[in-house]
Amino acid sequence: MVYIEQLQQFEGQTVTLKGWQANMRESKGLLFIVLRDGSGFCQCVVNLEEVGEDVFNELKALSLESSMELTGLVKKDDRQIGGYEVQVTNGKAISASIDYPIAKKEHGVDFLMDKRHLWLRSRRQWALMRIRNAVTFEIHAFFQNRGFMQMDAPLLTPNAAEGTSTLFDIDFYGRPAYLSQSGQLYGEAMAMAMGRIYTFGPTFRAEKSKTRRHLSEFWMIEPEMAFFDNDMNMDLMEDMIREVVTKVIEKCRFELTEVLERDLTKLETVAQKFPRITYTEAVHILKGNQAVNGKTSIEVLQDDLAALQKQIADNETEIADKQSQVDAGGIKKGKLNWLKNKIDQLKVENKELQERADNIPQWLESAKNFTEGEDFGGSDETVLTRLFDSPVMVYNWPTPIKAFYMKEVEGDPNFVKGVDLLAPEGYGEIVGGSERETDIEVLLQKIKAHNLPQEVFEWYLDLRRYGSVPHSGFGLGLERLITWISGTRHIRETIPFPRLYGRVEP
RNA sequence: UCCUCCAUAGCUCAGUUGGUUAGAGCGGUUGACUGUUAAUCAAUAGGUCCCUGGUUCGAGUCCAGGUGGGGGAGCCA
């Protein structure tokens, strides 16, 4: 048995493929079966004269997603997806699929989410899962090649410690416990034992977020390094993003460009040095008081709005034009359908464009009126990243809006050494990190200031009692990184079985 | 928790100021066609118009409440 991705090694030879019918077209005496086997897609041509009536009729009767075994000659054919075609000499059904619910057309989100277990078979989801796998692999490779040790933090924790987030609570043998929102504090303990570590596991957030960048269960990578200050932390962050993105482009070029139609030039900007700006600079830029590459945020947004409005107007013209062709009548059925579909597509596109156009004035208003000292909202991140074409790092944040464990900037307790990495094109925050506070007195004070119970942090404070050292780390949101790399509109497509507000099934 | 939009065939949608027997495409089935790329062409089956109540001679359409869902705010990766 041979897998589709290996076909290039078998050109001119006869192979046996096993897989599922992803599509079939038929003509008199000919079947064109697009077979998928998980490793790829391949058109297999069944000729009545070649295989005989029995085999031909058996394969012809199969519908979408039936499983089968096909044997045939591998032939190079540049017109085909994957570049090869199999000319079938024999084949048989393994199991028929009847009334497969997902059709070869556009579906609504709700329907597809209910059918997620089947949706994963479609080409777009196949590409996304392959990219997810490549991202996971390259993250491990990056850390392993640098001597980091992978260690797992517990998923069950005794307290809702860090304060802000809402956590899922469970009954742990009669005691309250929570699903972990972060492995970071444990990561610090492990770094004090192993030097440089990283965790790679699921985390849980119980916020009732219904947006395209939130999941209730997602995977996070949290490196933690002893003897790293925040500059070294930012260097590592930047190297990691650059290397992972570059390798994934290399490995998944077909998935990105052919299936997802991702504009790779938008990703290739990771080769540049990532701009590093302080929170204070970011505020000036956001409010339009400081230009980037000769343009202020206000100018860029106004240009964007004008471009959007022009696009919408152009689409409307096209819709009207096509509609008048339809109304005029006398067109062949195929052409008519094509026109109708095009009109529907343009209408959907305009709905989305209009939504974005409606948002821009609000973003502008929110950016102009931003109060220095507050945290950035989703739209603020979008505005900020819109000005840069590579990822941006924002560091030195106001103390009150950040977690208790972040180290104060030397000589200025109003700021802490936190850093967020924002992805371009509006994808927003994909990494958050900081240098950690090492001074036990400062930590004790912060724990009080944040109204946190000191007893549950005694073990954490021990890390400062016994050989405290400067250390830093960050948390990378796996699905957010994949969403950006793949150019996907919604984060839910980047994880096999998404858990989000209002959904635990399938 | 708040704001906003949506619910019509298996799926994606249209349905005029409220009017008689609710439509199209895709998908399914049957047939035609020996190189198709969302193939094409012909025929055919397929409906509790989300639920409850109201207005009206008459409701898919208007009103109220509910349910489910999309997008966003807050929070964050």
Side-chain angles (χ1 to χ4, degrees), chain A residues 22-34 41 43 45-50 61 63-64 77 79-81 85 87 98-115 123 162-166 181-182 184 202-222 326 332-341 343-345 347-348 351-352 355-356 358-359 362-363 366 375-379 381 401 403 420-423 427-433 474-484 489-492 501-503:
Chain A
N23 196 6
M24 178 165 74
R25 290 172 285 270
E26 50 174 304
S27 183
K28 186 181 169 94
L30 278 179
L31 300 176
F32 300 94
I33 298 171
V34 176
F41 295 80
Q43 173 164 286
V45 185
V46 185
N47 191 321
L48 174 62
E49 288 173 10
E50 192 71 40
S63 61
L64 209 58
D77 186 340
R79 290 170 302 179
Q80 304 309 331
I81 183 168
E85 175 179 281
Q87 295 179 329
I98 295 156
D99 293 337
Y100 186 69
I102 300 178
K104 296 182 288 185
K105 71 182 304 291
E106 282 199 31
H107 290 281
V109 188
D110 193 37
F111 175 78
L112 289 171
M113 290 290 283
D114 284 341
K115 301 277 180 289
R123 189 180 289 189
E162 286 176 48
T164 50
S165 305
T166 323
Q181 58 152 338
S182 159
Q184 188 215 306
T203 46
F204 306 89
R205 303 280 166 88
E207 278 106 12
K208 293 176 179 174
S209 303
K210 271 175 74 175
T211 82
R212 61 185 62 174
R213 20 171 231 293
H214 288 90
L215 291 167
S216 299
E217 177 186 299
F218 64 96
W219 289 66
M220 190 152 68
I221 295 91
E222 293 181 285
V326 170
K332 275 171 95 178
K333 204 170 172 187
K335 172 86 171 168
L336 191 69
N337 287 341
W338 184 83
L339 283 170
K340 282 182 177 170
N341 266 320
I343 290 170
D344 284 351
Q345 269 177 25
K347 278 186 183 169
V348 170
K351 254 186 211 167
E352 280 175 19
E355 205 174 286
R356 275 159 60 190
D358 291 345
N359 277 335
Q362 293 171 31
W363 292 355
S366 146
D375 206 351
F376 297 126
S379 73
E381 284 179 359
I401 60 170
D420 282 359
L421 186 144
L422 308 177
Y427 283 96
E429 184 179 355
I430 55 176
V431 182
F474 59 84
L476 163 72
L478 178 66
E479 288 79 11
R480 285 202 179 165
L481 176 60
I482 299 168
T483 306
W484 167 51
R489 287 190 58 74
H490 201 297
I491 196 167
R492 69 185 148 217
Y501 178 53
R503 179 176 290 275

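All chains are named by letter (A, B, ...) in the order of the sequence lines, taking the proteins before the strands, and each is independently numbered beginning at 1.
- Contacts of A/Phe111 with the nucleic acid, taken as non-hydrogen atoms under 4.0 Å apart, involve only primed sugar atoms and P, OP1 or OP2.
- Legend: residues meeting ring pair (Phe, Tyr, Trp, His ring centres under 6.0 Å) with A/Tyr501, ordered by chain and number and at least two apart, are absent.
- An OP1 or OP2 oxygen of B/A77 is reached within less than 4.0 angstrom by no side-chain nitrogen or oxygen of A/Arg480.
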Dot-bracket for RNA chain B, 5' to 3', Watson-Crick and G-U pairs with both distances under 3.5 Å, [ ] for crossing pairs, | for partner on another strand, reads (((((((..((((.....[...)))).(((((.......))))).....(((((..]....))))))))))))....
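- The salt bridge (Lys or Arg N to Asp or Glu O under 4.0 Å) test applied to A/Glu222 returns no partner, not counting sequence neighbours.
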Polar atom pairs between nucleotides 33-35 of chain B and protein, under 3.5 Å, N or O only, would you list them?
from: B/C33; atom 1: OP1; to: A/Lys28; atom 2: NZ; distance (Å): 3.3
from: B/C33; atom 1: OP2; to: A/Lys28; atom 2: NZ; distance (Å): 3.3
from: B/U34; atom 1: O4'; to: A/Lys28; atom 2: O; distance (Å): 2.7
from: B/U34; atom 1: O4; to: A/Glu49; atom 2: OE2; distance (Å): 2.4
from: B/G35; atom 1: N1; to: A/Glu85; atom 2: OE2; distance (Å): 3.1
from: B/G35; atom 1: N2; to: A/Glu85; atom 2: OE1; distance (Å): 2.4
from: B/G35; atom 1: N2; to: A/Glu85; atom 2: OE2; distance (Å): 3.3

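- Annotation: side-chain contact (heavy atoms from CB on, under 4.5 Å) contacts of A/Thr483 (sequence neighbours excluded): A/Tyr427, A/Thr488, A/Ile491, A/Thr494.
- Looking at heavy-atom distances under 4.0 Å, A/Val431 makes contact with sugar-phosphate atoms alone, never a base.
- The side-chain contact (heavy atoms from CB on, under 4.5 Å) check on A/Glu85 picks up A/Gln43, A/Val45, A/Asp77, A/Gln80, A/Gln87, with sequence neighbours excluded.
- In terms of the side chain to side chain donor-acceptor pair (under 3.5 Å) criterion, A/Asn47 has no residue partners (sequence neighbours excluded).
- Between A/Met24 and A/Tyr100, it is A/Tyr100 whose nearest contact on RNA chain B lies nearer the 5' terminus.
- Looking at heavy-atom distances under 4.0 Å, A/Ile98 makes no contact with the nucleic acid at all.
- The base of B/C76 is paired with the side chain of A/His214 by a donor and an acceptor separated by under 3.5 Å.
- Comparing A/Glu479 and A/Asn23 by the nucleotide of RNA chain B that holds the closest heavy atom to each, the one mapping nearer the 5' end is A/Asn23.
- With hydrogens and angles ignored, no donor-acceptor pair closer than 3.5 Å exists between the side chain of A/Ser209 and the base of B/C76.
- Remark: A/Ser27 engages no residue in a side chain to side chain donor-acceptor pair (under 3.5 Å) (not counting sequence neighbours).
- Remark: A/Asp375 engages no residue in a side chain to side chain donor-acceptor pair (under 3.5 Å) (not counting sequence neighbours).
- Contact annotation: A/Arg213 does not reach the phosphate of B/G71 (side-chain N/O to OP1 or OP2, under 4.0 Å).
- A/Arg492 comes within contact range of the sugar-phosphate backbone alone, with a heavy-atom separation under 4.0 Å but no base atom that close.
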